[in-house]
Visitor: 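Shown below is the structure under consideration.
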Amino acid sequence: MTFNPTAEDLVQLKEQGLTVEQVQAQIDNFKNGFPKSRLDAPATPANGGIRVLSDKEIARYKTQYRTLGRGKKILKFVPASGAATRMFKDLYAFTATYFGIADNFEKDYPSVKEFLDNLTVFAFYNDLKACMQRADLDIEEYMRRGDFSTVINFLLKEQYLGYGSLPKALLKFHRYGEVQRTPMEEHIVEGALYAKNDDGSVVLHFTISPEHRAAFRRKLAEVKPYYESTMGIKLKVSTSEQKHYTDIIAVDEQNQPVRDEEGRLVFRPGGHGALIENLNEQRADIIFIKNIDNVVPDWMKGATVTYKEVLAGMLLELKAKVDDALRTLDGKPGDKEVEQIAAFAAKELNITVPEECTAAELHRLLNRPMRVCGMVKNLGEPGGGPFYTIDTRGHRSLQIVESAQVNHNDPQQEPLFQGSTHFNPVDLVCCTKNYRGRYFDLRQYVDPQTGFISKKTKGATTLKSQELPGLWNGAMADWITLFVEVPVETFNPVKTVNDLLRKEHREN
């Protein structure tokens, strides 16, 4: 269909930062769909797609991080947008269907029973108890008489503790005696352990949603002096929000733009791939990327700190070699030098180098943003994994591929997808500067054809939504990419509230 905007639409698009052509392209994507990824093989240790480091290499890369990292600006980038609503999905369903009677509570509501049985274990329990006391309610009395819905409503509803509408960053995850920490605080502590700059500063950037901005800043102002004094650091924390011009128009099942009650076009956030715009604004030599909910208490942080340093040391060592190679290619390299650089690119960077590769082509292959990504052994987690893929130009490269990007009905592709041995835990260390010290425009290294389309229900209407290429897959598709196996104990995300009951999130 052709998008024919009204005069009011044009005003709205200008406010949004979008052009008619961009919206038309979005609608065309809805109509035509996105091509599925073409898998060539799962990336595994057996075929060299994932490196498994020896103890000697681990020690060397840790040393390299400390040596090569001197004088470098280090930053930690934490995607932290969105409310924690999905963490409490089962609790919401329970309050909507439970009316004080259950023939078999354990069978009907197993996850809710686990939650209630362990209520006092959660780091937020004292806050919940105090919240109910302010309303002259005794949480223990309500639990004794089985009025579980009231207790849960006090936890979730915005007028009470409000956990259902807060971001994960501000929920209390871990308990240290009488002290409790949120994920935001755990990322601060982590940053102090492996991402401290030479001047003692710890620089963090959180991406947040506009509705959480005030609460985030209040919490930061509350805890900042404490962590600066107890850890001997200077905290530099910044935030940003997804850009409105990365939003995607919503359409119905006939690919017609959807409008709200006031007749305005409806736009939806473009997914975490939109954060490439936010990452593109960061200025640092080394950027660690890690999701907000993948944090652990202090007694579990050892492996995380070690492997963050190892991945960064490996990245810095390879980056130095790449920069030297690019300077050589800037001159008039002989055939032997070109062959040596091509061999380095293939062997150490896992780049597929064409036969008879010219110095100019080698220069293009090496002069790109770089990332080293930790991969954990696949234990059945949903989501993306490491693969060798073939792009539309016939080029083979290492990519993180989501399940939604794969044609599971293809008898050749599905076995390759099922053959994956590892999982992407979002554990990245990046270099976004070129060999001349200038920052890459990261938007130039995105594969726009790696988005995907899903359907969502709004009342009686089915809406189609479109996600931009994910931050660590399509948005970084043309980066130099290396995969390294990291221990599974470095991956402890909190997807549901009961995940906080796992031993990895409990007091030692």
Side-chain angles (χ1 to χ4, degrees), residues 61-62 64-81 169 184 186-208 220 224 227-228 231 233-243 272 274-292 294 304-305 307-323 326 367-374 426-446 471-472 475-476 478-482:
Y61 288 136
K62 278 174 67 80
Q64 288 288 61
Y65 177 51
R66 298 189 189 101
T67 303
L68 298 177
R70 275 194 211 109
K72 297 280 195 296
K73 183 177 179 183
I74 305 168
L75 178 143
K76 192 175 181 196
F77 184 91
V78 184
S81 310
M184 179 184 75
E186 295 291 14
H187 277 286
I188 289 172
V189 174
E190 263 195 33
L193 295 175
Y194 63 74
K196 186 159 67 171
N197 287 272
D198 290 350
D199 63 358
S201 66
V202 175
V203 184
L204 297 102
H205 184 88
F206 294 87
T207 63
I208 60 173
L220 179 62
K224 185 172 181 277
Y227 289 105
E228 286 185 328
M231 304 199 77
I233 59 174
K234 182 175 176 58
L235 265 180
K236 297 180 180 179
V237 180
S238 59
T239 63
S240 63
E241 298 153 22
Q242 285 191 17
K243 314 298 182 186
H272 66 77
L275 298 181
I276 198 69
E277 299 277 352
N278 306 65
L279 183 63
N280 198 43
E281 295 174 344
Q282 306 311 310
R283 295 293 177 253
D285 299 293
I286 307 163
I287 301 177
F288 293 93
I289 302 179
K290 190 180 181 189
N291 273 346
I292 188 65
N294 184 17
T304 292
V305 172
Y307 275 85
K308 281 289 188 297
E309 293 178 340
V310 167
L311 297 183
M314 181 179 177
L315 178 66
L316 288 170
E317 182 178 283
L318 289 171
K319 171 68 172 163
K321 292 180 181 179
V322 167
D323 289 354
L326 285 165
N367 192 27
R368 295 182 286 159
M370 288 183 66
R371 59 176 178 161
V372 176
C373 311
V426 189
D427 186 1
L428 290 76
V429 189
C430 308
C431 279
T432 59
K433 291 170 80 171
N434 69 15
Y435 67 112
R436 291 177 172 171
R438 300 184 187 127
Y439 289 96
F440 290 103
D441 181 352
L442 303 183
R443 298 168 296 185
Q444 302 302 312
Y445 300 86
V446 174
L471 182 59
W472 28 86
M476 296 179 172
D478 199 26
W479 291 40
I480 295 173
T481 296
L482 290 160

Visitor: Looking at Asn278 and Glu241, would you say the former's side chain and the latter's main chain have a donor-acceptor pair under 3.5 Å?
Guide: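 Present.
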Visitor: So which atom in Val446 and which in Ala475 form the shortest heavy-atom distance, rounded to 0.1 Å?
Guide: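 Shortest heavy-atom separation between Val446 and Ala475 comes out as CG2-O, 3.4 Å.
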Visitor: Out of curiosity, Asn294 CG to Thr304 OG1, how far, rounded to the nearest 0.5 Å?
Guide: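 It comes to 7.0 Å.
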Visitor: Report the relative orientation of the aromatic rings in His187 and Phe206; use parallel for angles under 30°, tilted for 30 to 60°, perpendicular for over 60°.
Guide: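 If you compare the ring of His187 with that of Phe206, the planes turn out perpendicular.
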Visitor: Look at the side chain of Thr481 and the backbone N and O of Arg371, then say whether any donor-acceptor pair between them is shorter than 3.5 Å.
Guide: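 Side chain of Thr481 to backbone of Arg371, a donor-acceptor pair under 3.5 Å: no, none is there.
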Visitor: Rounded to the nearest 0.5 Å, what's the gap from CE on Met314 to CG on Leu482? Could you check?
Guide: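 Rounded to the nearest 0.5 Å, the CE-CG separation comes out at 5.0 Å.
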Visitor: Glu317: what forms a side chain to side chain contact (heavy atoms under 4.5 Å, CB included) with it, not counting sequence neighbours?
Guide: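 Here the qualifying residues are Arg60, Tyr61, Gln64, Leu68, Lys321.
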Visitor: Please check if the side chain of Tyr445 supplies one atom and the backbone of Ile480 the other of a donor-acceptor pair under 3.5 Å.
Guide: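 A pair under 3.5 Å: no.
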Visitor: Side chain to side chain contact (heavy atoms under 4.5 Å, CB included), that's the test. Do Val78 and Thr207 meet it? Break it down for me.
Guide: CA-CA 6 Å; Val78 184; Thr207 63; over 6 Å; no
Visitor: How many angstroms lie between atom CE of Met476 and atom CD1 of Ile276, to the nearest 0.5 angstrom?
Guide: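 Atom-to-atom, Met476:CE and Ile276:CD1 are 5.0 Å apart.
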Visitor: What I'd like to find out is whether the side chain of Asn434 reaches to under 4.5 Å of the side chain of Phe440, using heavy atoms alone.
Guide: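 Result yes, sub-4.5 Å side-chain heavy-atom pair found.
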Visitor: Quick one, Val322 with Met370, criterion side chain to side chain contact (heavy atoms under 4.5 Å, CB included). Give me CA distance, side-chain angles, the key distance, then yes/no.
Guide: CA-CA 10 Å; Val322 167; Met370 288 183 66; 4.0 Å; yes
Visitor: Between OG1 of Thr239 and CD1 of Ile208, what distance do you get to the nearest 0.5 Å?
Guide: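 Between Thr239 OG1 and Ile208 CD1, I get 4.0 Å after rounding to 0.5 Å.
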Visitor: Tell me whether Asn197 contacts the main-chain N or O of Ile74 through its side chain, where contact means a donor paired with an acceptor under 3.5 Å.
Guide: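 Judged by distance alone, yes, a pair lies under 3.5 Å.
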Visitor: Show your reasoning for whether side chain to side chain contact (heavy atoms under 4.5 Å, CB included) applies to Leu204 and Lys236.
Guide: CA-CA 6 Å; Leu204 297 102; Lys236 297 180 180 179; over 6 Å; no
Visitor: Is there a donor-acceptor pair closer than 3.5 Å between any side-chain N or O of Arg70 and the backbone N or O of Asp198?
Guide: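 Pair absent, no side-chain N/O of Arg70 close to backbone of Asp198.
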Visitor: Any side-chain heavy atom of Asp478 within less than 4.5 Å of one from Arg368?
Guide: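 In short, these two side chains touch, coming nearer than 4.5 Å.
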Visitor: Would you call Lys62 and Glu309 a salt bridge, using N to O less than 4.0 angstrom?
Guide: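 Salt bridge: yes.
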Visitor: Mind checking whether Thr432 and Leu442 have side chains closer than 4.5 Å, heavy atoms only?
Guide: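 Yes, side chains in contact.
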Visitor: When you compare the side chain of Leu316 with that of Thr67, does any pair of heavy atoms fall below 4.5 Å?
Guide: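 Not touching, per the 4.5 Å side-chain cut-off.
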Visitor: Under 6.0 Å from the ring centre and within 45 degrees of the ring axis: does the NZ or CZ of Lys433 meet both conditions for the six-membered ring of Tyr439?
Guide: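 That pair qualifies as a cation-pi contact.
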Visitor: Assess the residue pair Lys308 and Tyr65 against the criterion (side chain to side chain contact (heavy atoms under 4.5 Å, CB included)); give the C-alpha distance rounded to whole Å, side-chain angles, the decisive distance to 0.1 Å, and a yes or no.
Guide: CA-CA 10 Å; Lys308 281 289 188 297; Tyr65 177 51; over 6 Å; no
Visitor: Does the Glu228 side chain pair with the main chain of Leu235, one donor and one acceptor, at a distance under 3.5 Å?
Guide: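 A pair under 3.5 Å: yes.
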Visitor: Only one of Cys430, Cys373, Cys431 clears side-chain contact (heavy atoms from CB on, under 4.5 Å) with Trp479; which?
Guide: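 Of the listed options, the one satisfying the test is Cys430.
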Visitor: Go through the steps to decide whether Glu186 and Lys290 satisfy the test salt bridge (Lys or Arg N to Asp or Glu O under 4.0 Å), and finish with yes or no.
Guide: CA-CA 12 Å; Glu186 295 291 14; Lys290 190 180 181 189; over 6 Å; no
Visitor: Nearest 0.5 Å please: distance from the CG atom of Leu326 over to the OH atom of Tyr435.
Guide: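 Going from the CG atom of Leu326 to the OH atom of Tyr435 covers 6.0 Å.
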Visitor: State, with a plain yes or no, whether a side-chain heavy atom of Met231 is found less than 4.5 Å away from one of Lys196.
Guide: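 Met231 vs Lys196: side chains apart.
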Visitor: Parallel, tilted or perpendicular: which one describes the rings of His205 and Phe77, with boundaries at 30° and 60°?
Guide: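 Parallel.
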Visitor: Does a side-chain heavy-atom distance below 4.5 Å link Lys73 with Gln282?
Guide: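 A side-chain contact under 4.5 Å is absent here.
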Visitor: Could you grab the distance from atom CG of Leu428 to atom CG of Asn291, nearest 0.5 Å is fine?
Guide: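 Between atom CG of Leu428 and atom CG of Asn291 there are 9.5 Å.
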Visitor: Any non-hydrogen side-chain atom of Trp472 less than 4.5 Å from a side-chain atom of His272?
Guide: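 Yes, at least one pair of side-chain atoms sits under 4.5 Å.
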Visitor: Lys76 vs Tyr194, test: side-chain hydrogen bond (donor to acceptor under 3.5 Å, both in side chains). Steps then yes/no.
Guide: CA-CA 10 Å; Lys76 192 175 181 196; Tyr194 63 74; 3.3 Å; yes
Visitor: So do the side chains of Val429 and Ile286 get within less than 4.5 Å of each other, counting heavy atoms only?
Guide: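 The answer is yes, as the side chains (C-beta and beyond) meet within the 4.5 Å cut-off.
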